[in-house]
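To start, the structure itself, in structure tokens.
Just follow the structure's listing: the first ligand is 1, and inside any ligand the first atom is 1. Positions are given from 1 along the sequence. Just so it is clear, the values below take in all heavy atoms, side chains as well, and ignore hydrogens, waters and symmetry mates. Worth saying up front: this structure is predicted, and the values here are computed from it rather than measured.
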Amino acid sequence: MSDNGNSKSSNFIRHIVTNEIASNKIQHGIITRFPPEPNGFLHIGHAKSMCLNFGLPLEFSGYCNLRFDDTNPDKEEEEYTEAIKADVKWLGFDFKGHLHHASDYFEQIYKFACELIEHDKAYVDDQSVEQIRLTRGTLTTAGIESPYRNRSVKENLTLFQRMYDGKFGEGSHVLRAKIDMASPNINLRDPTLYRIKNTTHHRTGDQWHIYPLYDLTHCISDAIEGVTHSLCTLEFEDHRPLYDWVLNNISIDCHPQQIEFARLELNYTVTSKRKLHQLVTEGYVNGWGDPRLPTLKGMRKRGYPAEAIKDFCERIGITKKQAVIDTAVLENCVRENLDTNAARAMVVIDPIKVILTNFPDSETEWIEVPNHPKNEAFGKRKIPLTREIYIERSDFMENPPKKFHRLSERSEVRLRYGYAITCEDVVRDNNGNLIELHCTYDAQSGGGKTSDGRKIKGIIHWVSATLGQSIEVNLIDRLFNAEDPASAENFLEHINPNSLIKCDKAVGEPSLKEAKEGDTFQFERLGYFCRGEQTTAENTIVFNRTVTLRDTWAKITHS
Ligand code: ATP
Ligand code: MG
């Protein structure tokens, strides 16, 4: 996390905690929780929540519980639980000894629900979900009380027991809080606390026939765990009175403080789990770990360092005001991190052959070059120069415009770390397609000099054609080409057709063979790239573009 004083002051929750410690309201450190529902993979929005929830206790002493909010057996799967744990660890947060499940508390939550009934604060309603919805009222009109609202405590206890015993069908009964059907806050109009479900739960099996809803589960789980600050996103602000109502009406002596903050919204992407599910299950992307997705797994596969994501979360801060963050901010954090931490290498993505006609055929000159221009600790490597090399097709132009400081006929350019070369001849096939370039090199021009002191403006990257390593490069870009795809009628129509361009003719320097999955490099002049998974049978080496060298979207975004 950055130590930038300005950005730290933008976190109002940090302020609250600082003041509580100063006034002795908090004496033994703070306890927070991160409560994902195991029904999908974590995404960049969750990263914001994790940085806050796991980050604060690191500053103020205390800890954060990773709690799976697993109260809906219909949608939850073990696969997600494991993936979430792996993602939390990858981001660098430790939940050892602090791993919980809301389902661990089913028994206690049930007992507290019975307490509410005993105090005439909850009742069993026989109305259907639809009837309950229709009688809830609107912002301007009060709701209608259920005909079952005034059942006796005894009858409610019996009915709730029978719900518990699995004696009723799904949808036939619910348990509702008895609060106020005329409350201006619709959340307080006798909200549903329990519903009947006969689905098998991935942890508790078929033990339960009733499952508590979020508003009952969350506050009780927080209190059981002794959470001091229950930090959630703004949409729960209107639920806070219910959070407090439940805790005030049961015999539990811990009452965590719910504080809301703005959820992360990024342009050019979607973070709704429903939409992410759709992209994955309908095959628009290649699984939850597709490097174009804003999932933590996708970002990891793409080569985003965990530290860059945390830096981003620190920079955007925590506020009460909802705003859309430019994806360029995240990309810049990645760029800055990789500029410092990625070794350099040379790769030619779209090669055109160059023959150095005056370079001896059998010779290989091994040139020693730094792995990082600003950090000697990265060490050095040797790259081979041979008579036949590749350069980027776009670095040669037949009729170049004025300031084209690359190669054209009769012009001279410098090979990065190598010699100056002059194009003498352009070889074409019968159809006029460019086949190769014949160049001469100036043997006196090594080490950045020239034999006669003449200046050479352009420098281009290159690789040996004979000793180079053939690789596959995926040019990855933003998945959507609309700023706010989520608000479109059909967000799928805004998928960027160029979000994945496969280049299978790329050639890299031989050392790239040694790269391991997840290693990132700056391919000089091209961008940052990350070694991908080894999937194909024939041992293809794949690199995914993590981010371009410069923000190419800025013009579009701000025009
Ligand atoms: P849903 O409830 O629709 O399944 P969710 O995004 O709320 O989706 P959860 O798994 O419940 O997913 O989220 C876990 C935690 O992460 C919650 O505390 C939630 O507030 C937080 N969170 C989720 N999305 C964001 C976001 N975009 N910005 C900040 N926090 C988020
Ligand atoms: Mg949620």
Side-chain angles (χ1 to χ4, degrees), residues 11-13 31-56 64-77 79-85 87-88 91 93 95 99-103 212-215 217-219 221-222 225 227 229-240 243 256-278 280 288 293-299 309-310 312-327 329-330 484-487:
N11 182 338
F12 74 98
I13 298 177
I31 304 173
T32 56
R33 85 288 168 269
F34 172 65
E37 195 178 333
N39 61 356
F41 278 57
L42 298 182
H43 54 64
I44 185 74
H46 294 113
K48 173 176 177 174
S49 177
M50 280 192 270
C51 286
L52 176 65
N53 280 299
F54 284 98
L56 271 191
C64 173
N65 289 334
L66 171 60
R67 183 203 308 146
F68 286 102
D69 185 11
D70 57 349
T71 54
N72 182 356
D74 289 342
K75 290 196 260 165
E76 292 152 10
E77 283 176 35
E79 178 206 351
Y80 299 128
T81 310
E82 291 313 310
I84 289 171
K85 284 193 228 166
D87 285 342
V88 177
L91 204 55
F93 295 122
F95 52 87
L99 175 62
H100 303 277
H101 297 80
S103 56
L213 285 152
Y214 176 88
D215 286 315
T217 312
H218 207 79
C219 54
S221 306
D222 283 349
E225 291 174 9
V227 163
H229 298 80
S230 180
L231 311 174
C232 59
T233 39
L234 283 178
E235 66 271 24
F236 292 101
E237 195 161 17
D238 291 343
H239 292 245
R240 188 178 352 121
Y243 185 103
Q257 180 186 358
Q258 175 179 310
I259 305 174
E260 309 84 17
F261 63 95
R263 59 192 297 122
L264 171 63
E265 282 182 38
L266 267 186
N267 63 8
Y268 294 99
T269 193
V270 297
T271 48
S272 135
K273 272 191 206 160
R274 198 180 54 75
K275 293 195 171 69
L276 291 173
H277 262 283
Q278 196 178 349
V280 171
W288 287 96
L293 287 181
T295 53
L296 290 185
K297 185 173 183 193
M299 293 191 286
I309 295 172
K310 292 203 262 190
F312 166 73
C313 292
E314 183 61 35
R315 284 194 210 184
I316 59 172
I318 300 289
T319 63
K320 276 264 187 205
K321 206 169 146 259
Q322 197 59 61
V324 179
I325 307 290
D326 193 339
T327 285
V329 177
L330 173 60
D484 184 10
S487 74

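The shortest separation from a heavy atom of Phe34 to ligand 1 is under 4.0 Å, placing the residue in contact. A heavy-atom separation below 4.0 Å is found between Asn39 and ligand 1. Judged by the shortest distance from any of its heavy atoms, Pro35 lies inside the 4.0 Å radius around the atoms of ligand 1.
A cation-pi contact, defined as under 6.0 Å to the ring centre and within 45° of the axis, links Lys310 to Phe93.
Within ligand 1, the atoms closer than 4.0 Å to a non-hydrogen atom of Ser49 are 16 (O), 21 (C), 30 (N), numbered from 1 in the order shown. Within the listing of ligand 1, atoms 24 (N) sit less than 4.0 angstrom from a heavy atom of His43. Ligand-side atoms of ligand 1 in range of Pro36: 10 (O), 14 (C), range being under 4.0 angstrom from any heavy atom.
Every side-chain contact (heavy atoms from CB on, under 4.5 Å) that Val270 has, sequence neighbours left out, goes to Lys275, Leu276, Leu279, Phe480, Pro485, Ala486, Phe491. Remark: Glu82 pairs with Lys85 by the salt bridge (Lys or Arg N to Asp or Glu O under 4.0 Å) rule, at least two apart or across chains.
Between Leu264 and ligand 1, at least one pair of N/O atoms sits closer than 3.5 Å. Considering both main-chain and side-chain atoms, Lys48 never comes within under 3.5 Å of ligand 1 through any nitrogen or oxygen pair.
When atom types are taken as modelled, the side chain of Asn267 and the backbone of Asp326 share no donor-acceptor pair closer than 3.5 angstrom. Within the 3.5 Å criterion, the main-chain N or O of Ser103 finds a donor-acceptor partner in the side chain of Asp70.
Selection from Met50, Lys273, His277 by nearest heavy atom to atom 1 (P) of ligand 1 gives Lys273. Heavy-atom proximity to atom 6 (O) of ligand 1, evaluated over Arg263, Lys75, Glu260, Glu37, is greatest for Arg263.
Note: His218 and Tyr214 meet the aromatic proximity criterion, with ring centroids under 6.0 Å apart.
Under 4.0 Å is where a charged nitrogen must lie from a carboxylate oxygen, and between Glu225 and Arg33 no such pair does.
Across all non-hydrogen atoms, the minimal contact from Thr327 to Tyr268 is OG1-CB, 4.4 Å.
Residue contacts with ligand 1, taken as heavy atom pairs separated by less than 4.0 Å, do not involve Glu265 at all.
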